[in-house]
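Working notes, structure below.
None of these values were measured; they are calculated from a predicted model.
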Amino acid sequence: MKTFIVGIGGVTNGGKTTLAHSLQKLLPNCSLICQDNYFKPEAEVATDDRGFKQYDVLEALEMEAMMSDILSRITQHKGTEQPQTSQEKCDPSVHFLIIEGFLLYHYKPLDEVFDQRYFLTVPYEECKRRRSTRVYDPPDPPGYFDGHVWPMYIKHKEEMNKLQNKIVFLDGTKTKEEILCYVFTDIKKAALHCTS
């Protein structure tokens with residue numbers, strides 16, 4: 001069974017997790033790996049000179065463990081066939097693996113496995129508003145969004161713009177349904193080409 005790997009990246013509170021979980025429900029033979037599950041313990045995350053924990057860098061993540069889990073999922077589905085049901089909307093011989101996170105395209109071993117790459121963006125004010133409604137553990141200290149989160153997003157996005165990989169940028173201010181419809185249709189089309 002071919003594993004078709006989809007990256008759902010983007011800005012904090014851009015809609016990545018919502019999109020990834022919605023796709024997982026729609027795509028047959030689909031599993032999901034979330035980068036947020038690979039943060040190092042707080043004590044191992046560096047602190048800058050302003051006292052801000054540096055969570056928005058690759059060094060704050062256990063990327064080797066994440067890659068190991070991804071490669072394990074790929075291997076697990078090689079050579080297996082799933083029975084086709086009449087409700088499946090994609091080729092049943094394809095296992096879909098969705099990888100969701102904020103720094104997917106900056107880690108070369110991970111970036112090399114993607115068949116499709118998406119990146120959700122939202123403007124500064126909307127991102128700040130959404131982030132202010134979320135509860136984090138540990139909680140964001142005062143000034144964290146403006147002093148660390150947003151500047152790191154801008155830095156990573158500029159680096160990503162220099163990459164030669166095909167990344168589809170998505171407007172995270174569109175409705176969840178619009179974004180899901182576009183991405184689902186795009187994945188179906190791309191998966192069809194990879195199996196024919």
For the residue pair Phe96 and Asp115, establish whether any side-chain heavy-atom pair is separated by less than 4.5 Å. no

Nearest 0.5 Å, please: how far is CG in Asp140 from CZ in Arg134? 10.0 Å

Would Leu97 and Phe4 count as a side-chain contact (heavy atoms from CB on, under 4.5 Å) if you check the C-alpha gap in whole Å, the side-chain angles of each, and the deciding distance to 0.1 Å? CA-CA 6 Å; Leu97 175 57; Phe4 190 87; over 6 Å; no

Is Arg131 positioned over the aromatic face of Tyr144, cation under 6.0 angstrom from the ring centre and no more than 45 degrees off axis? no

If you round to the nearest 0.5 Å, how far is CD1 of Ile98 from NZ of Lys16? 14.5 Å

Salt bridge check: are Lys128 and Glu125 linked by an N-O gap of less than 4.0 Å? no

Shortest non-hydrogen pair, Ser31 vs His95, comes out as OG-NE2, 2.9 Å

Does His156 reach the main-chain N or O of His106 with its side chain, forming a donor-acceptor pair under 3.5 Å? no

Please check this pair: side chain of Arg73 against backbone of Thr3, looking for a donor-acceptor N/O pair closer than 3.5 Å. no

Does a sphere of radius 6.0 Å around NZ in Lys174 hold more than 12 heavy atoms from other residues, nucleotides or ligands, not counting ones at 6.0 Å or beyond? no

Are the aromatic rings of Phe145 and Tyr124 close, with centres under 6.0 Å apart? yes

Okay, side chain of Glu178, backbone of Thr175: is any donor-acceptor separation there less than 3.5 Å? yes

Keeping Ser22 on the side-chain end and Thr18 on the backbone end, is there a donor-acceptor pair under 3.5 Å? yes

For Thr121 and Lys157, which heavy atoms make the closest approach, and how far apart are they? CG2-CE, 3.7 Å

Determine the minimum heavy-atom distance between Gln24 and Cys30, stating which atoms define it. CA-SG, 3.7 Å

The residue among Leu23, Leu104, Leu170 that forms side chain to side chain contact (heavy atoms under 4.5 Å, CB included) with Tyr118 is Leu170

Does either side chain, that of Asp36 or that of Tyr55, offer a donor lying less than 3.5 Å from an acceptor on the other one? no

Quick check: do Leu19 and Leu180 have side-chain heavy atoms less than 4.5 Å from each other? yes

Is there a side-chain contact between Phe169 and Asn161 in this structure, where contact means two heavy atoms from C-beta onward sitting under 4.5 Å apart? yes

Donor-acceptor pair, side chain of Gln35 and main chain of Ile99, under 3.5 angstrom: no

Take atom NZ in Lys176; do more than 12 heavy atoms of anything else shown fall under 6.0 Å from it? no

Ignoring hydrogens and angles, tell me if any N or O in the side chain of Thr185 forms a donor-acceptor pair with the backbone of Cys181 under 3.5 Å. yes

Quick test of your reading of the model: are Glu159 and Lys155 salt-bridged, counting only N-O distances below 4.0 Å? yes

Which heavy atom in Ile179 sits nearest to a heavy atom in Gly172, and how many Å separate them? CD1-CA, 4.0 Å

Honestly curious: do Met63 and Ile70 fall in one hydrophobic cluster under the side-chain, below-4.5 Å linking rule? yes

Relative to each other, are the rings of His148 and Phe52 parallel, tilted or perpendicular (30° and 60° limits)? tilted

Between Met152 and Asp56, the two heavy atoms sitting closest are CE-O, 3.5 Å

Is there a salt bridge (charged side-chain N to carboxylate O under 4.0 Å, His left out) between Lys108 and Glu112 once you walk through the steps? CA-CA 6 Å; Lys108 191 170 173 64; Glu112 291 175 349; 3.2 Å; yes

Taking all atoms of both residues into account, what is the closest heavy-atom pair of Lys40 and Val45, and its distance? O-CG2, 3.9 Å

